[in-house]
Amino acid sequence: MSPVRRCSRTACGRPAVATLTYVYADSTAVLGPLATYAEPHCYDLCAEHSERLTAPRGWEVVRLTVDSGPIRPSGDDLEALANAVREAAKPPVRRQDGGSPADPTEVGRRGHLRVLRSPDPQQ
């Protein structure tokens, strides 16, 4: 198997540069940068096919910018990663009564996403 991902279009062997996904509920096709991993419900497209992409009537095409150059981590990325590792290494917050770690509370929901509020350790 070739390490380079190829265009998903039939009879096209060019290297993929973008990933196409569909949001059926919103009648939207999203064309963005090449995904890190090949997903079963996404389509990898070469530069030519990504430029000529059209959607069915009544659908919207959202084109996210595709960076052609290699992505290098910045100092901010490395600092954010270090802060996340430090935060994950902290011991869990215990309630003042000595109980189990405080669970976050759900304050909202949008589709499959939940909005969580961290418990206040002062309570």
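Not measured: the values here are computed from a predicted model.
Remark: Ser27 engages Trp59 in a side chain to side chain contact (heavy atoms under 4.5 Å, CB included) (not counting sequence neighbours).
Clustering ILVMFWY residues whenever any of their side-chain heavy atoms sit less than 4.5 angstrom apart, transitively, puts Tyr37 in a cluster other than the one holding Tyr43.
Taking every heavy atom of both residues into account, Ala18 and Leu31 meet most closely at CB-CD1, 3.8 Å. Taking every heavy atom of both residues into account, Val17 and Ala47 meet most closely at CG2-N, 3.4 Å. The two atoms that bring Arg5 and Thr36 nearest to each other are NH1-O, 3.4 Å, heavy atoms only.
Between Leu53 and Leu20, some side-chain heavy-atom pair lies under the 4.5 Å cut-off. For the pair Val30/Leu64, a side-chain contact is recorded, criterion being any heavy-atom separation below 4.5 Å from C-beta on. Between Cys12 and Cys46 there is a side-chain heavy-atom pair separated by less than 4.5 Å. In this structure, Thr21 and His41 have side chains that are not in contact, with every pair of non-hydrogen atoms separated by 4.5 Å or more. Looking at heavy atoms from C-beta onward, Thr19 lies out of side-chain contact with Leu45 at the 4.5 angstrom threshold.
Thr28 places no side-chain N or O within donor-acceptor distance of the main-chain N or O of Val23, the cut-off being under 3.5 Å. Listed for the Ser50 side chain is no donor-acceptor partner under 3.5 Å among the backbone atoms of Glu48.
In this structure, CZ in Arg86 is found 9.5 Å from CG in Leu81, a value given to the nearest 0.5 Å. Distance CZ/Arg9 to CZ/Arg52: 7.0 Å, rounded to 0.5 Å. Atom CZ in Arg6 sits 11.0 Å away from atom CZ in Arg14 (nearest 0.5 Å).
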